[in-house]
A.B. asks: 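Dumping the structure here so I can ask a few things about it.
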Amino acid sequence: EVQLVESGGGLVQAGGSLTLSCATSGFSFDDYAIGWFRQAPGKEREGVSVITNNDGTTYYADSVEGRFTISGDNAKNTVYLHMNTLEPEDTAVYYCAAAADIFVVATIARGLGVEGLRDEFEFWGQGTQVTVSS
């Protein structure tokens, strides 16, 4: 019954912007951490950004710091990823995911960085393709 559905991907030129949406249902949204991950061909899935919905704290991978912004609308059970100044290196399938243990997620994000998060998230969406052309 838990569902996470990504939308908003597409083709954009380098330097452009896109906003991704993650619509969720079937769980207590306010008690979860929601993360954005991405996976490029031939690479492992990596964490991009996380928001803890209980307090709105945000975390970012170094590669997107200052360019991407994660935000949540608790009334809509939806999380967004606002991506600015996109680079070809940002090309990937972007996934959103939910983690029940927000305290573990926050601890890892603060101590090791968002890049190391993955297995802590138990629910995953299907992904949306983002392609950035030169």
Side-chain angles (χ1 to χ4, degrees):
E1 294 183 350
V2 172
Q3 294 188 49
L4 296 91
V5 181
E6 304 94 336
S7 62
L11 175 64
V12 64
Q13 291 184 333
S17 301
L18 281 176
T19 296
L20 306 182
S21 299
C22 176
T24 74
S25 61
F27 63 95
S28 182
F29 184 84
D30 294 353
D31 297 329
Y32 276 68
I34 303 295
W36 284 99
F37 298 78
R38 65 187 182 186
Q39 187 166 20
K43 296 184 178 180
E44 291 193 8
R45 193 172 302 179
E46 64 177 359
V48 175
S49 184
V50 171
I51 185 168
T52 49
N53 292 336
N54 62 323
D55 59 5
T57 303
T58 59
Y59 308 89
Y60 298 94
D62 291 344
S63 60
V64 306
E65 183 79 46
R67 298 189 298 119
F68 292 9
T69 302
I70 190 170
S71 63
D73 186 338
N74 290 37
K76 296 181 178 180
N77 291 353
T78 299
V79 171
Y80 305 93
L81 185 67
H82 311 277
M83 305 185 294
N84 298 315
T85 319
L86 283 162
E87 305 168 351
E89 292 74 20
D90 296 316
T91 295
V93 176
Y94 283 71
Y95 301 87
C96 65
D101 199 330
I102 60 175
F103 300 103
V104 169
V105 168
T107 298
I108 295 173
R110 291 190 63 183
L112 301 177
V114 168
E115 296 91 337
L117 290 168
R118 185 177 61 193
D119 294 342
E120 294 75 20
F121 289 76
E122 56 260 46
F123 303 115
W124 293 82
Q126 299 300 309
T128 185
Q129 177 72 47
V130 173
T131 302
V132 184
S133 62
S134 301

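Throughout, residue positions are numbered sequentially from 1 according to the sequence presented.
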A.B. asks: Does the separation of the ring centres of Phe37 and Trp124 fall below 6.0 angstrom?
C.D. replies: yes
A.B. asks: Side-chain heavy atoms under 4.5 angstrom apart, residues restricted to Ile, Leu, Val, Met, Phe, Trp, Tyr: same cluster for Ile51 and Phe27?
C.D. replies: yes
A.B. asks: Are Tyr80 and Tyr95 connected in a single hydrophobic cluster, I mean Ile/Leu/Val/Met/Phe/Trp/Tyr linked by side-chain heavy atoms less than 4.5 Å apart?
C.D. replies: no
A.B. asks: For the residue pair Leu4 and Ala98, what are the closest heavy atoms and their distance?
C.D. replies: CD2-N, 3.8 Å
A.B. asks: With the side chain counted from C-beta on, respond yes when Ser21 and Lys76 share a heavy-atom pair under 4.5 Å apart, and no when they do not.
C.D. replies: no
A.B. asks: Going through the checks in order, is the side-chain contact (heavy atoms from CB on, under 4.5 Å) test met by Val130 and Met83?
C.D. replies: CA-CA 10 Å; Val130 173; Met83 305 185 294; 3.9 Å; yes
A.B. asks: Do Val114 and Val104 sit in the same hydrophobic cluster, where Ile, Leu, Val, Met, Phe, Trp and Tyr count as joined when their side-chain heavy atoms come under 4.5 Å apart?
C.D. replies: yes
A.B. asks: I'd like to know if the side chain of Glu6 and the backbone of Gln126 have a donor-acceptor N/O pair within less than 3.5 Å.
C.D. replies: yes
A.B. asks: Which heavy atom in Pro88 sits nearest to a heavy atom in Ser134, and how many Å separate them?
C.D. replies: CG-OG, 3.7 Å
A.B. asks: Over 60° means perpendicular and under 30° means parallel, so classify the ring planes of Phe123 and Tyr32, tilted if in between.
C.D. replies: tilted
A.B. asks: Closest heavy-atom contact between Glu120 and Ala99?
C.D. replies: O-CB, 3.3 Å
A.B. asks: Run the side-chain contact (heavy atoms from CB on, under 4.5 Å) check on Phe121 and Ile34 step by step: do they pass?
C.D. replies: CA-CA 8 Å; Phe121 289 76; Ile34 303 295; 5.8 Å; no
A.B. asks: Flag the pair Ile70 / Val48 as yes when at least one side-chain heavy-atom distance between them is below 4.5 Å, and no otherwise.
C.D. replies: no
A.B. asks: Which residue, Asp73, Asn74, Asn53, forms the side-chain contact (heavy atoms from CB on, under 4.5 Å) with Val79?
C.D. replies: Asn53
A.B. asks: Does the side chain of Leu18 reach to within under 4.5 Å of the side chain of Phe68, using non-hydrogen atoms?
C.D. replies: no
A.B. asks: Using atom types as modelled and distance alone, determine if a side-chain donor or acceptor of Glu115 lies under 3.5 Å from a backbone N or O of Asp62.
C.D. replies: yes
A.B. asks: Under 4.5 Å between side-chain heavy atoms, counting indirect links through other Ile/Leu/Val/Met/Phe/Trp/Tyr residues: same cluster for Ile102 and Val50 or not?
C.D. replies: no
A.B. asks: Begin with the C-alpha distance, continue with both residues' side-chain angles, and end with the deciding distance and a verdict on side-chain contact (heavy atoms from CB on, under 4.5 Å) for Arg67 and Asp90.
C.D. replies: CA-CA 11 Å; Arg67 298 189 298 119; Asp90 296 316; 2.8 Å; yes
A.B. asks: State the CZ-CG distance between Arg38 and Leu20, to the nearest 0.5 angstrom.
C.D. replies: 11.0 Å
A.B. asks: Would Val64 and Tyr94 show up in the same hydrophobic cluster when neighbours are defined by side-chain heavy atoms closer than 4.5 Å?
C.D. replies: yes
A.B. asks: Answer yes or no: is there a donor N or O on one side and an acceptor on the other, between the side chain of Ser49 and the main chain of Tyr59, under 3.5 Å?
C.D. replies: yes
A.B. asks: Is a donor on one side and an acceptor on the other found under 3.5 Å between the side chain of Asn77 and the backbone of Phe29?
C.D. replies: no
A.B. asks: Within the side chain of Thr131, is there an N or O that forms a donor-acceptor pair under 3.5 Å with the backbone of Leu11?
C.D. replies: no
A.B. asks: For the CZ atom of Arg118 and the CD1 atom of Ile108, what is their distance to the nearest 0.5 Å?
C.D. replies: 12.0 Å
A.B. asks: Do Thr91 side-chain atoms and Val132 backbone N/O form a donor-acceptor pair below 3.5 Å?
C.D. replies: yes
